[in-house]
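Below is one structure, written out as structure tokens; comments come after it.
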Amino acid sequence: MSRQSLSIALSGSGGSGVMTTGSMLLEAAGKAGWYGIMTRSAGPQIRGGEAAALIRVSDQPLESHDDSFDLVLAIDPASLGRFMGEIPLREDSVIICDMAGGRRDASLPETLAREIDLPMKKMAKAVKGGRPNMIALGVLARVIGLPEGSIGGILEKVLRAKGADALEASQACVKEGYAAGAELPAFSGPPITDVPDGERWSITGNEAAGLGAVRGGVRFVAAYPITPATEVLEWLAGSLPKLGGVLVQAEDELASINQIIGASFGGKPSLTATSGPGLALMTESIGLAVCSEVPVVVLDVMRCGPSTGIATKNEQSDLNIALNGLHGDAPHLVLAPTSLSDCIFTTQWAVHLAEAMQTAAIVLSDQSLGQTRAIVDKPADIAFIAKRNVPEVVGETYRRYAIGDSPVSPMTIPGQPGGQYTADGLEHTEAGAPSSLYDDHLAQLDKRSNKITNFNFGEHWADIDGTGDTMVITWGSACGPVREALSRLRAQGTEVRMLAIRLLAPERPEDMRAALEGVKRVLLVEQSHSKQFYRYLRAAYDLPAEVKLFHRPGPLAFKPGEIIEQLSDWCGSEKL
Amino acid sequence: MSRQSLSIALSGSGGSGVMTTGSMLLEAAGKAGWYGIMTRSAGPQIRGGEAAALIRVSDQPLESHDDSFDLVLAIDPASLGRFMGEIPLREDSVIICDMAGGRRDASLPETLAREIDLPMKKMAKAVKGGRPNMIALGVLARVIGLPEGSIGGILEKVLRAKGADALEASQACVKEGYAAGAELPAFSGPPITDVPDGERWSITGNEAAGLGAVRGGVRFVAAYPITPATEVLEWLAGSLPKLGGVLVQAEDELASINQIIGASFGGKPSLTATSGPGLALMTESIGLAVCSEVPVVVLDVMRCGPSTGIATKNEQSDLNIALNGLHGDAPHLVLAPTSLSDCIFTTQWAVHLAEAMQTAAIVLSDQSLGQTRAIVDKPADIAFIAKRNVPEVVGETYRRYAIGDSPVSPMTIPGQPGGQYTADGLEHTEAGAPSSLYDDHLAQLDKRSNKITNFNFGEHWADIDGTGDTMVITWGSACGPVREALSRLRAQGTEVRMLAIRLLAPERPEDMRAALEGVKRVLLVEQSHSKQFYRYLRAAYDLPAEVKLFHRPGPLAFKPGEIIEQLSDWCGSEKL
Amino acid sequence: MNDTSACSRLGPKEYKSGVKPVWCPGCGDFTVLGSLTKALSGLNIAPENAAVISGIGCSSRMPTYLSTYGFHGVHGRALALATGLKVARPDLTVIATGGDGDGFSIGGNHFLHTCRRNPDMTYIVMDNQVYGMTKGQASPTTEPNWEKGKLTPSGTGINPFQPLVIALASGANFIARCSSSDQNGTAKVIMEAIRHPGFSLVQVLSPCVTFRPEQREWKKLVQPAPVEATSDPAQAARRLLTDEGLYTGVLFKGHRPPYQPTLESTIDQVTELDEEFQL
Amino acid sequence: MNDTSACSRLGPKEYKSGVKPVWCPGCGDFTVLGSLTKALSGLNIAPENAAVISGIGCSSRMPTYLSTYGFHGVHGRALALATGLKVARPDLTVIATGGDGDGFSIGGNHFLHTCRRNPDMTYIVMDNQVYGMTKGQASPTTEPNWEKGKLTPSGTGINPFQPLVIALASGANFIARCSSSDQNGTAKVIMEAIRHPGFSLVQVLSPCVTFRPEQREWKKLVQPAPVEATSDPAQAARRLLTDEGLYTGVLFKGHRPPYQPTLESTIDQVTELDEEFQL
Ligand SMILES: Cc1ncc(C[n+]2csc(CCOP(=O)(O)OP(=O)(O)O)c2C)c(N)n1
Ligand SMILES: Cc1ncc(C[n+]2csc(CCOP(=O)(O)OP(=O)(O)O)c2C)c(N)n1
Ligand code: SF4
Ligand code: SF4
Ligand SMILES: [Mg+2]
Ligand SMILES: [Mg+2]
């Protein structure tokens with residue numbers, strides 16, 4: 001059966017190099033003109049343990065894995081067991097596996113799929129310095145229909161550093177594998193098209209967020225490492241110095257958030273990235289940024305909570321803390337990318353918004369968006385950059401927290417003569433002097449809240465799509481599978497609307513009312529045990545009478561087919 | 001006019017001793033058989049600056065100040081200006097003030113009230129070592145109708161430490177004042193009744209919370225000082241050692257929350273107290289208590305936020321962070337006392353609940369409850385104490401996080417042979433070993449959430465009162481003025497229901513449905529700018545169609561008359 | 001606010017904002033405010049080019065009373081905030097101020113790591129061995145047998161924190177002790193601290209007359225250190241471990257280069273970063 | 001789980017829980033686990049009477065692998081959690097374990113104040129001069145020119161944190177350094193540390209073979225300190241400031257009494273407290 005997309009899983013035990021193999025396969029697919037995604041799955045071990053690379057390729061942009069896998073290659077049969085929950089197979093799926101003895105390996109999990117023995121270890125042994133994963137690379141390339149040449153350049157790029165011998169051995173292995181693949185059942189992959197150079201990118205969500213940050217103007221980052229946010233920081237540590245920016249590895253999250261507040265006070269757009277536990281440590285000082293009106297961006301790459309939870313796995317359960325985790329009345333911005341490549345736009349926009357409104361913005365990315373690598377269309381250049389309201393000339397009576405025509409008051413930058421003021425987390429007068437009076441408190445609370453509720457956010461608050469009286473409302477990494485589900489339904493003639501909320505706070509009641517016009521039924525999709533998104537929507541918006549909730553905790557990702565199933569009560573009776 | 005209660009304000013500049021005077025007056029009133037409350041109002045200065053003691057006495061228990069004051073005594077005329085916003089006066093109010101020159105002091109604010117000059121400074125000078133505030137004490141006692149003897153014992157108790165001379169001087173001053181008071185217009189105070197010894201207490205909300213804690217069984221406290229929670233800690237620092245307990249002053253809030261988790265893991269019911277900024281620092285580790293299922297109680301005495309805000313003033317704006325401030329899905333308990341003396345019950349109950357469910361409980365008191373001193377009826381002894389499910393014998397295969405018939409699994413205490421386990425903030429199996437599997441995660445998330453949603457909380461989740469189809473829903477220190485408003489309405493024949501929510505999390509949908517039976521209109525009252533209570537109720541409950549919101553930020557307290565005004569649209573048309 | 005684009009030197013008074021301090025009459029912090037304005041004036045630093053950063057506490061109110069830029073942040077985080085500012089804006093004179101509670105209790109970790117990181121800034125700690133603002137609890141520098149601490153009624157029973165020793169051990173580049181009883185001497189030391197590259201710690205013994213009235217005696221007890229500042233950490237350690245905490249003056253001057261990442265860019269356009277993602 | 005109400009001495013193996021460590025093959029922490037079980041066995045501490053407390057990091061996984069009571073808390077807070085436990089339950093043997101990042105970076109403030117407070121517990125830090133668990137960033141003990149730190153590609157450029165010097169300066173009562181290459185020697189030092197009253201710090205050089213493979217060389221570089229442990233802080237300071245971080249053994253043993261508030265009650269009934277409120 002020819003499919004629009006091909007899903008491939010590659011598993012192995014520690015050190016077998018499945019991740020490298022997977023990445024190279026993805027890049028080869030990209031070079032050949034396909035879109036693709038790859039996610040990594042691994043146990044808690046830092047090194048060793050089992051690992052699996054989950055890959056999907058298509059001639060259409062991809063944002064989600066498929067309901068099931070077409071092809072599994074297990075370098076070590078036993079390694080597959082750990083991941084079977086994440087690798088649903090069908091009867092017509094194929095498992096290629098090294099039985100290393102001819103007999104079916106007992107450690108290979110029982111499935112419906114067809115099993116094919118391939119002595120990859122033996123084949124690798126035949127090549128001096130050869131490794132089974134490179135055999136596997138060749139096999140997979142052939143079986144899914146990639147031209148042999150597509151691997152060559154990538155091998156060279158990746159293995160150059162390892163020396164000529166290693167490169168040669170790998171080349172030989174890939175060749176062997178490619179030849180062996182010819183004997184195996186072939187999958188007819190998506191059509192191969194020629195894509196002009198530079199039109200497609202290979203990028204992870206974490207890199208995308210980093211890129212969005214610097215595009216938006218961020219030039220100062222302070223942070224403390226934490227999974228799964230570290231790659232954002234690693235990318236920024238390499239890139240910021242090129243731009244005259246700097247990343248400081250701080251002693252803890254309390255230091256990182258305060259360092260960026262200091263740097264931003266000094267005029268530099270600033271950001272930190274963290275995950276749930278780090279965000280929790282930062283909330284006191286995010287409140288300081290809100291109260292003192294110093295723009296900062298905090299990127300939270302979510303993982304399974306509570307507490308340390310499951311550090312390497314996905315969940316959308318920091319919505320509560322992002323929206324409501326600050327003490328006192330502390331209005332701020334909360335945004336979430338609606339796809340992997342949207343990590344660029346949303347982070348960049350967050351920088352722009354934080355600077356424009358002189359407040360704190362929290363961006364909720366997640367492990368799934370962040371650590372997935374995708375072949376995507378080259379992202380657009382977007383105009384949003386940091387632009388702070390800095391007064392050109394300062395009069396005799398500059399008042400930093402003046403309540404004027406606009407609730408965003410001009411903000412001087414140290415060094416500016418006559419603009420001196422004390423930024424303060426204490427409640428203050430318009431001039432910035434501490435005040436404990438009701439009138440000052442109310443005036444400043446109004447100011448800080450009006451500036452974000454009255455802002456003109458335009459169309460970007462959500463991605464709205466489709467027609468009909470049924471709507472799916474979702475956010476973050478759950479958008480991908482929903483989008484694919486709805487496009488499948490559309491292909492079958494069923495129209496369902498989709499609302500992917502990018503701006504979670506402040507609320508947009510008018511926009512929501514307009515978006516819900518004509519909607520009778522709503523399905524909410526979120527990856528949280530305690531229905532955080534549902535409860536947020538209830539508090540913030542008036543939803544139609546018929547609301548259905550599809551939620552579960554991490555780490556199991558949603559599949560497009562599951563969304564369709566959830567909709568089948570409603571859509572089934574009509575058109576499905 | 002004879003009133004049910006008398007409201008007296010006493011103001012002075014720094015060092016004038018108005019707070020001592022106020023406290024002594026309150027105690028004298030208590031001794032005389034009155035109920036009373038006293039709140040303190042002061043500027044940001046640690047010492048010096050202006051201060052005012054706001055006192056109200058009655059023959060009925062009091063939980064709120066009145067709409068206006070009957071009597072003001074200003075030791076320094078200028079000091080009054082600072083507090084006029086908090087001291088509404090009527091035409092028939094009286095200001096007694098030392099004009100210190102016979103002419104009206106220009107610094108005395110203009111009001112409608114009648115002004116009476118009394119040369120307190122001069123009178124004090126006439127007594128060796130005399131002080132104007134002691135003159136004032138005598139004057140006030142006389143004017144409001146307290147017997148002269150009611151002051152004597154108190155003077156002795158308070159001033160004993162200062163030596164015989166000081167005591168004598170004060171006694172002489174009080175006598176002078178009392179005599180002078182006879183010349184001034186008298187107020188007919190509430191009837192003086194004889195109350196048996198020990199039947200009335202003088203206590204602050206902060207002391208009450210401390211008492212509730214130790215009554216509930218708390219024997220370990222670690223904390224870092226912060227206004228307005230410090231008095232809870234001060235009381236506990238003195239009282240715990242008597243009970244074989246201990247208070248550790250920690251290096252910061254991160255230490256205090258973790259110290260109490262450690263102590264509770266060791267089997268001691270444990271508590272910390274803090275305010276907004278400290279709570280924000282603790283949320284990461286409160287999540288640890290939730291995930292590792294170690295009972296702890298965190299008392300948050302709220303103040304104006306955001307950030308440092310107004311540290312000495314009241315607001316109900318930590319509701320968001322208390323309910324939703326933990327990262328991940330972290331179900332926990334949130335409670336709030338519904339009156340000053342209820343600080344005892346609610347804190348005690350919180351200890352009981354946290355221990356019974358092996359989870360974290362956050363108790364939201366506030367500056368107004370905490371720092372008000374009241375003469376109250378002796379509180380009942382309540383049976384709720386800490387009782388943890390500790391297995392007597394541990395079998396071969398003890399599993400700390402077992403999912404059995406009850407979601408509360410038996411918890412061993414270090415020292416117990418065979419009960420060894422590792423408490424963990426990582427997701428875990430039933431045995432407590434780290435796990436990153438969906439099934440374990442789901443099972444433990446269910447366990448942690450079921451144990452609190454399935455618990456039988458009984459009637460205590462809320463104080464429910466009254467009849468009729470109009471209801472006021474409120475919480476915390478806002479309950480006091482609401483209660484008085486409704487009792488005034490009742491006295492006029494108008495019935496309005498009241499729902500004061502003590503258990504804010506978990507939600508009680510059944511109980512709420514029952515409470516709302518027959519309710520057509522709801523008025524919500526809360527002291528928060530961003531409508532935190534309203535949004536919480538929207539998210540958690542189905543409210544009647546007609547909902548009205550009366551909210552404002554701190555520090556202005558609600559007055560009973562304001563609540564009546566808010567209800568007048570509804571009740572006015574019917575019966576008012 | 002002052003406009004100092006003109007070049008004339010401003011007097012110390014012109015470094016005051018005019019906001020009235022909330023401090024108790026007689027509090028040592030008044031004098032420190034005076035020393036600081038004198039130092040700023042003495043160094044002729046334009047108010048717009050200085051930023052004074054603090055946490056929370058009586059002593060942390062300092063920025064509000066100055067006509068420089070200021071940041072009154074949250075409790076314990078002044079050094080982190082100041083570090084961010086200094087790294088991003090090396091052209092500014094950055095001064096952190098605060099108390100013993102703010103700096104050594106809740107702020108202890110930033111103290112350690114800022115000494116270690118050694119950014120070019122000055123940290124003035126008004127040490128009164130008590131939490132003034134929260135009305136009289138023991139601080140890390142409180143002696144173990146002080147029984148008036150409201151949370152430690154039998155004394156803390158634990159060793160006081162030695163700020164200068166810890167500063168030395170963690171790498172501070174300039175260490176001095178002053179007494180608020182000597183306004184001019186303190187001003188001079190602050191000037192030297194600001195001028196010295198790297199992280200400078202100035203501990204000022206500044207009495208809390210309200211909760212530690214006995215500290216009024218400090219002015220009689222302090223005395224200038226009998227020896228010159230050393231730049232040998234071992235020697236400094238020996239001296240600091242044996243002095244009674246009452247020698248004033250500059251006690252250590254190191255030579256470590258300050259932490260300051262370069263802010264020179266190597267590419268012109270953000271879009272040049274796109275390349276690495278292109279297939 | 002072991003039932004040790006019987007009196008026979010348990011062997012080291014019986015102090016293991018049987019949960020398989022997630023550590024990389026060759027990680028130094030395996031040996032430290034061995035040393036710790038040997039020490040517990042050597043001291044004949046019943047597993048139910050010991051509690052091992054940690055934060056987050058590879059090294060912080062320790063409690064899970066032991067058959068004692070354990071707490072795997074959050075990053076950086078092990079000492080605070082352990083302090084609460086020890087103060088509440090002085091009868092238990094409390095041991096904190098963790099890494100250089102957990103203990104000296106995010107946990108630095110608790111490190112300072114626990115040394116100062118001096119509760120009777122032992123703190124074992126597996127120092128590998130790197131953040132292992134988060135895959136290879138510089139830690140406070142990393143040398144300034146290590147360029148493989150993923151967030152500091154040109155090196156940190158800042159002075160390494162000196163844990164033993166800071167411990168001494170802030171009042172730790174027992175200070176030792178070990179190497180994971182010497183399992184028995186480390187076990188002995190841990191036994192001595194547990195026995196010594198007050199707060200004991202045992203730094204174990206424990207290679208991260210994955211991100212700092214060069215640390216495999218440590219086993220060749222470490223050597224027993226040439227002198228006996230001193231109880232004179234000044235002498236200890238001199239030694240610690242000059243050793244290259246490679247001398248092993250007990251380096252300092254102090255005599256400060258441990259922090260342990262009494263848990264004796266003076267009244268029988270909570271209701272006796274009511275009196276003070278009665279009018
Ligand atoms: C997170 C947090 N915890 C506690 C407090 C309460 N608090 C304010 S100032 C202070 C101590 C101040 O002591 P110090 O720094 O010595 O300053 P001083 O008032 O003595 O000058 C404390 C504990 C706070 N504001 N924030
Ligand atoms: C609050 C918080 N911040 C960051 C992290 C991420 N994190 C986990 S372990 C670790 C560092 C561990 O280093 P170390 O203590 O040296 O242990 P090692 O892995 O080297 O043994 C970090 C930064 C976290 N879990 N929690
Ligand atoms: S309380 Fe102490 S430190 Fe604070 S202002 Fe008063 S004297 Fe100064
Ligand atoms: S990453 Fe390093 S510290 Fe962690 S287990 Fe592997 S070798 Fe050990
Ligand atoms: Mg102080
Ligand atoms: Mg380490």
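These numbers come from a predicted model, not from an experiment. Letters A, B, ... mirror the listed sequences (proteins, then strands); counts begin at 1.
- In this structure C:Asn49 satisfies the side-chain hydrogen bond (donor to acceptor under 3.5 Å, both in side chains) test with no other residue, sequence neighbours excluded.
- Contact annotation: the side chain of C:Glu276 never approaches that of A:Leu211 to less than 4.5 Å [non-hydrogen atoms, C-beta and beyond].
- For the pair C:Leu263/A:Lys268, a side-chain contact is recorded, criterion being any heavy-atom separation below 4.5 Å from C-beta on.
- If you measure heavy-atom distances from A:Arg400 to chain C, you find no contacts under 4.5 Å at all.
- Classification of the A:Tyr421-C:Tyr69 ring pair by plane angle, with boundaries at 30° and 60°, yields perpendicular.
- Contact annotation for A:Val195: neither backbone nor side-chain heavy atoms come within less than 4.5 Å of a heavy atom of chain C.
- Taking every heavy atom of both residues into account, A:Ala263 and C:Ala88 meet most closely at CB-CB, 3.6 Å.
- Most heavy-atom pairs under 4.5 Å with chain C, from the set A:Gly245, A:Ala433, A:Pro434, A:Ala222: that is A:Pro434.
- Counted within 6.0 Å of CG on C:Asp91, heavy atoms from surrounding residues, nucleotides or ligands total more than 12; the atom is thus considered enclosed.
- By the 4.5 Å heavy-atom criterion applied to side chains, A:Lys378 and C:Gln278 are not counted as neighbours.
- In this structure, C:Arg77 and A:Ser285 approach most closely via the heavy-atom pair CG-OG, 4.5 Å.
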Side chain to side chain contact (heavy atoms under 4.5 Å, CB included) assessment of C:Thr64 paired with A:His428: CA-CA 11 Å; C:Thr64 305; A:His428 39 256; over 6 Å; no

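- Put simply, the side chain of C:Thr83 does not reach to within 4.5 Å of the side chain of A:Asn258, judged on heavy atoms.
- In this structure, chain A has a heavy atom under 4.5 Å from the side chain of C:Arg89, while its backbone stays farther away.
- By the 4.5 Å heavy-atom criterion applied to side chains, A:Leu254 and C:Asn109 are not counted as neighbours.
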Working for side chain to side chain contact (heavy atoms under 4.5 Å, CB included), residues A:Trp201 and C:Asp274: CA-CA 9 Å; A:Trp201 284 19; C:Asp274 291 358; 3.5 Å; yes

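- Between C:Leu273 and A:Glu207 there is no side-chain heavy-atom pair separated by less than 4.5 Å.
- Highest contact tally toward chain C, considering only A:Ser202, A:Pro414, A:Gly432, A:Ala255, is held by A:Pro414 [criterion: heavy-atom pairs under 4.5 Å].
- Counting heavy atoms from C-beta on, the side chains of C:Glu48 and A:Thr412 never come closer than 4.5 Å.
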